[in-house]
Number of protein chains: 2
Amino acid sequence: MSIMRLDGGLTQPVVRRLNALRQLSETATAAFDKTIRRRVLHAGAGETLISEGERPDRIRVVLAGWLSRYKLLEDGRRQIVNFILPGEMCDAFSYLLPRSDHSIDTLTPVVFSEIEREPFEELIASDRSLMEALWCTSLVDGSIQREWAVNIGRRDALERVAHLLCEVFERLKLVGLVEGNSCAFPVTQMDLADASGLSIVHLNRTLQELRAAGLIILRERMLTINDLDALKDAGLFNPTYLPYLR
Amino acid sequence: MSIMRLDGGLTQPVVRRLNALRQLSETATAAFDKTIRRRVLHAGAGETLISEGERPDRIRVVLAGWLSRYKLLEDGRRQIVNFILPGEMCDAFSYLLPRSDHSIDTLTPVVFSEIEREPFEELIASDRSLMEALWCTSLVDGSIQREWAVNIGRRDALERVAHLLCEVFERLKLVGLVEGNSCAFPVTQMDLADASGLSIVHLNRTLQELRAAGLIILRERMLTINDLDALKDAGLFNPTYLPYLR
DNA sequence: CGTTTAGTTGACCGTGCTCAAGGGGCGTGG
DNA sequence: CCACGCCCCTTGAGCACGGTCAACTAAACG
């Protein structure tokens, strides 16, 4: 990891996401922007940013790249409980708890901002709507987490994968990372399997089924959704749980 | 629902739980206690307190009884994403979002306190550690939610049910609702099935397996765990995600 | 070039689901 | 008081969805 210079566009996803939850004033936006730019790092793919059991002592905001939030069982089984996408936070407010319940890995090279607890607390104390927006991101994480439980617990393989793709697509769209009906999709099938609670073999066959149905094109880390409405139907996707949509 | 008189012990679970997350001062405890007692309601079993899509406009604290947090698919499939136990909150801070992503039903007759948004915000503004304790309850809900995703996604039926029982047992122990190795366990097998992502038939057989292994006794809405360590082993239960333990 | 990583395919198997039927407890109404 | 219905639990039989194991290809990389 090393400190790097930042071009103006990099903080765009974060600001966009927060503004979808609470209208931020210009001064609040500027203060937030400034704090974020104070310490920008990057990491390669496959690095662990925090492990289960560690004390979370700083806040990280993802500016570019994908990460996975996951837990391991003793015998190596892994469940990815969420992806962390550009504009999202790794651990807002988690410093309030003594240790992390899960681990976070980079899935791709990642650019992120790191904020210590104190400046973060000063920041949220300075503007009410900024604090509310940040709290909302935490609440939305909760909503997404609940939807994932539903996805894994009550949808079959095809529905499950279709739903996952719809959700990620919408989350990327919010931060401007969708062009037309395509987006970068830089995860392996193994990651997708661990995110959807399927075996890697069955995930592979499920993807092929979605391709054969003409719903998606997924190759070379690029996802194209040919018919988003059809994919949503296939995944029983109901966006009520993503409050920034609509 | 109707207003009722409160005996002194009813707020115990809530206070106990918050104190496990943050040491509360006497004055903070008293202020909280007073706010809670202002409006105490009860509901029968099988009532819906809030439905998916509704605006959450007040905070509810459970003083007695069990509830389920769940989501429905169009075709009626249901996933219970968490139980809400005595001392826990139905929807702390969720008023920050425009609508609820899930529904909450009572599983038993329930006694709860209802707090409007304004007095709640005054309350948390009055004491820093109280606010942090309440935020922590929200973060712990997140931890539990993630663990449920792991449970449903990566554990087999026996492990899954064993884990669920361990978790609920520990959560009840925290608020003083465990006596010896037994606790009230007032849910139907259908509820347990929907919580663990299993069919009701298979859940029934899994419970019988746990009984046959001598791990648990479960009858007449009463759970006895004969060997908690063995049950934890069977469920690959790692309590790191429950910060108030240990 | 050899090695590693990701994706794909086939064959077989088993966990967990579906459908169906029946039992026990309990409340309600005749 | 009994009959009936309802809810919850239980059991059996058959099956299918998805897991496991294994082998192979293709691309990436040193």
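Each chain gets a letter, A, B and so on, in the order its sequence line appears, and its residues count up from 1.
A:R155 comes within contact range of no nucleotide atom at all, as no heavy-atom separation falls under 4.0 Å. Using a 4.0 Å heavy-atom cutoff across all strands shown, A:T188 reaches sugar-phosphate atoms only and no base atom. Using a 4.0 Å heavy-atom cutoff across all strands shown, A:L198 reaches sugar-phosphate atoms only and no base atom. Backbone-only engagement by B:R211 is indicated by non-hydrogen atom pairs under 4.0 Å involving sugar-phosphate atoms exclusively. Across all strands shown, A:G197 has heavy atoms under 4.0 Å from sugar-phosphate atoms exclusively, and none from any base.
Closest to the B:R205 side chain, of the nucleotides C:dT18, D:dT20, D:dC9, is C:dT18. With distances taken from any side-chain atom of B:Q189 to the nucleotides C:dG7, D:dC9, C:dA11, the minimum falls on D:dC9.
A:E220 places its CD atom 21 Å from the P atom of C:dT5, with the value rounded to the nearest Å. Following rounding to the nearest Å, B:D156 (CG) and C:dC17 (P) show an atom-to-atom distance of 12 Å. What separates NE2 of A:H202 from C1' of D:dC21 is a distance of 16 Å, to the nearest Å. Rounded to whole Å, the distance from CE on A:M222 to P on C:dG7 is 16 Å. The separation between B:M190 atom CE and D:dC9 atom P is 11 Å, rounded to whole Å. Straight-line distance from the CZ atom of A:R221 to the P atom of D:dA27: 14 Å, rounded to whole Å. Between A:Q208 atom CD and C:dA6 atom P the separation is 18 Å, expressed in whole Å. Distance, A:I200 CD1 to C:dT9 C1': 13 Å, rounded to whole Å.
A:T48 places no side-chain N or O within 3.5 Å of a backbone atom of A:I50 that could act as its donor or acceptor partner. The main-chain N or O of A:R37 is never found under 3.5 Å from a side-chain atom of A:S113 such that the two would form a donor-acceptor pair. With hydrogens and angles ignored, the 3.5 Å screen pairs a side-chain donor or acceptor of B:E159 with a backbone N or O of B:D156.
The shortest distance between the side-chain N/O atoms of A:N204 and the OP1/OP2 oxygens of C:dT8 is below 4.0 Å.
An angle of 30°, rounded to 10°, separates the two end axes of the helix from C:dC1-D:dG30 to C:dG30-D:dC1, each defined over five pairs.
For the pair B:D194/B:Q79, no side-chain contact is recorded, criterion being any heavy-atom separation below 4.5 Å from C-beta on.
When the nearest nucleotides of DNA chain D are assigned to A:R160 and A:V201 by heavy-atom distance, the more 5′-ward of the two goes with A:R160.
Remark: of the listed residues B:N151, B:L192, B:L198, B:L198 is the sole one forming a side chain to side chain contact (heavy atoms under 4.5 Å, CB included) with B:V161.
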Expected list for residues 175-187 of chain B: side-chain donor-acceptor pairs under 3.5 angstrom, two or more places apart:
{"unit_1": "B:N181", "atom_1": "ND2", "unit_2": "B:I225", "atom_2": "O", "d": "3.3"}
{"unit_1": "B:S182", "atom_1": "OG", "unit_2": "B:T224", "atom_2": "OG1", "d": "2.8"}

(message) Please determine whether salt bridge (Lys or Arg N to Asp or Glu O under 4.0 Å) holds for the pair B:R171 and B:E88, giving the CA-CA distance in whole Å, both sets of side-chain angles, and the decisive distance to 0.1 Å.
(response) CA-CA 10 Å; B:R171 285 164 65 183; B:E88 300 183 347; 2.8 Å; yes
